[in-house]
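Have a look at the structure below, then the notes.
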Amino acid sequence: MESIDQLREELLAAVEQAADLAALDEVRVKALGKKGRITAEMKGLGALDPDQRKATGQALNLVKDAVARAIEGRKSAMEAAQLDAQLAAETLDVTLPVESQPQGRIHPISQVIDEILVILGDMGFRVAEGPDVEDDWHNFTALNIPPDHPARQEHDTFYLPGAAGADGSPGERRVLRTHTSPVQIRTMQAGGPPFRVIVPGRTYRSDPDATHSPMFHQVEGLLVDEQTHMGHLKGCLEDFCRAFFGMDDLPVRFRPSYFPFTEPSAEVDIGCTREGGQLRIGHGGDWLEVLGAGMVNPNVLKNCGVDPENYQGFAFGMGVERMAMLKYGVPDLRTFFESDLRWLRHYGFASLDMPSLTGGLNR
Ligand code: DAH
């Protein structure tokens with residue numbers, strides 16, 4: 001029986017020495033597998049006489065069990081050690097700073113346009129667009145600004161030569177649109193009422209003043225339906241101003257004004273203070289103009305083939321740069337277009353910080 005004890009010691013030593021799971025499995029195959037040493041010993045039992053066979057068989061079974069148990073024990077120890085090592089290697093240090101933000105910033109003009117679209121989009125307006133290079137009719141005439149109308153002078157228009165006709169005659173001159181209002185006309189011409197659109201876009205005026213830029217941005221709004229009245233316009237713009245500036249009780253007032261394309265027309269002011277030369281939006285008895293608006297002039301509806309007997313609507317327009325300056329405290333209009341990286345880093349917005357009604361519009 002010396003050989004069975006020896007076998008046992010050898011096999012248990014091999015289990016102990018196995019360096020990893022693969023080596024351990026090799027030991028298992030060599031000991032307990034079909035061609036393993038214990039199996040071979042078992043096969044030899046047949047040649048023994050019955051008494052010896054029984055004793056040797058029992059002894060071999062004990063060795064087999066002991067080796068199997070040792071392998072199991074070693075295996076779970078190795079697996080536990082492996083898991084510990086993995087957990088230690090994958091430790092997450094929650095005190096580390098977050099990964100660095102991407103370098104690019106969203107320009108405040110883009111951000112403010114997105115904010116405006118989120119608010120008005122939620123009210124059911126959809127975005128409409130039109131060309132920057134317009135014809136005189138869409139930019140002026142259809143909007144009830146006839147050729148000799150004084151409003152034309154106020155627009156400081158950039159004119160472009162029209163394409164020459166086949167016979168070489170000069171074509172009708174074109175204009176860089178002076179406002180986004182011509183998209184009202186294009187929208188109404190393209191389909192039937194009701195209409196409910198907002199129009200963000202670039203606009204152009206040749207104003208030499210330092211507080212103006214030859215290119216700037218506006219958002220226009222147009223709503224036409226059968227029952228639309230001034231109360232709808234008021235509610236819409238009050239809600240808009242309060243959402244945009246993030247103040248539920250922001251004072252908003254409508255002051256009578258004049259635009260050729262609306263009748264009656266109003267300018268919309270929000271409350272502010274100017275104490276100590278510092279402008280602050282909110283309560284305070286002072287007023288600041290932010291929007292032009294009014295009920296669409298019946299002549300404009302007629303020019304677009306909409307029957308003013310059955311339909312009426314409201315329209316409004318605002319300057320995006322002005323809204324951005326007021327909301328984010330940008331002191332100088334010209335800096336919007338200087339592409340100064342230091343300015344962009346300061347006034348720009350993180351690319352993943354997209355405005356939403358639930359996620360926030362006001363930072
Ligand atoms: N188009 C005007 C401008 O550029 C802004 C404006 C005022 C648009 C009143 C409108 C409106 O639709 O109703 O100054």
Side-chain angles (χ1 to χ4, degrees), residues 113 116 120 123 125 127-130 132 134 136-146 149-158 175-189 195-207 209 211-225 228-238 240-241 252-270 288-301 303-304 306 308 311-323 333:
I113 289 178
I116 295 169
L120 294 167
M123 292 185 197
F125 289 89
V127 171
E129 287 180 309
D132 288 20
E134 267 296 4
D136 192 272
W137 190 79
H138 285 92
N139 194 77
F140 293 120
T141 312
L143 285 159
N144 202 34
I145 316 175
H149 198 287
R152 289 210 181 205
Q153 271 87 64
E154 287 160 30
H155 277 236
D156 301 307
T157 314
F158 284 111
V175 298
L176 283 179
R177 67 178 177 192
T178 57
H179 48 180
T180 42
S181 305
V183 186
Q184 282 189 28
I185 305 300
R186 292 186 175 275
T187 301
M188 288 195 276
Q189 283 190 310
F195 304 105
R196 195 183 274 236
V197 293
I198 35 177
V199 185
R202 292 195 175 99
T203 47
Y204 306 83
R205 289 186 201 178
S206 127
D207 199 325
D209 186 330
T211 62
H212 290 81
S213 153
M215 187 280 297
F216 56 104
H217 298 77
Q218 288 187 338
V219 175
E220 181 87 9
L222 172 74
L223 189 149
V224 175
D225 209 333
T228 311
H229 55 70
M230 194 92 186
H232 296 132
L233 168 64
K234 240 187 135 204
C236 171
L237 293 183
E238 271 173 10
F240 168 76
C241 289
V252 178
R253 83 173 176 187
F254 286 70
R255 185 166 34 79
S257 184
Y258 172 78
F259 300 104
F261 29 86
T262 45
E263 179 58 37
S265 303
E267 268 162 328
V268 183
D269 298 340
I270 57 172
L288 186 69
E289 182 200 320
V290 288
L291 284 138
M295 299 306 292
V296 180
N297 191 308
N299 289 337
V300 175
L301 295 175
N303 290 339
C304 303
V306 177
Y311 287 95
Q312 42 192 358
F314 65 73
F316 56 87
M318 66 187 112
V320 175
E321 284 78 3
R322 181 169 171 78
M323 296 301 261
L333 174 89

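Keep in mind that what you see is a predicted model, and the values were worked out from it rather than measured. Whatever order the structure lists them in is the order used to number ligands and atoms, beginning at 1.
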Tell me, which residues have any heavy atom less than 4.0 Å from some atom of ligand 1?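 Residues within 4.0 Å of ligand 1: His179, Ser181, Gln184, Arg205, Gln218, Glu220, Phe259, Phe261, Thr262, Gly292, Ala293, Gly294, Ala315, Phe316, Gly317.
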Fit a plane to each ring of His149 and Tyr258, take the angle between them on a 0 to 90° scale, and name the class: parallel (under 30°), tilted (30 to 60°) or perpendicular (over 60°).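 Rings of His149 and Tyr258: parallel, under 30°.
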If only atom types and distance count, is the side chain of Thr203 paired as donor or acceptor with the main-chain N or O of Phe216 below 3.5 Å? yes
Looking only at non-hydrogen atoms, find the nearest pair between Val268 and Ala293 and report the distance. CG2-CB, 4.4 Å
Which pair of non-hydrogen atoms, one from Phe314 and one from His229, has the smallest distance, and what is that distance?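 Shortest heavy-atom separation between Phe314 and His229 comes out as CD2-O, 4.4 Å.
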Is the count of non-hydrogen atoms from other residues, nucleotides or ligands lying under 6.0 Å from Arg253 atom CZ greater than 12?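 Yes - once you tally the heavy atoms of other residues, nucleotides and ligands closer than 6.0 Å, there are more than 12.
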Taking atom CD of Glu129 as the centre, does the number of heavy atoms from other residues, nucleotides or ligands within less than 6.0 Å exceed 12? no
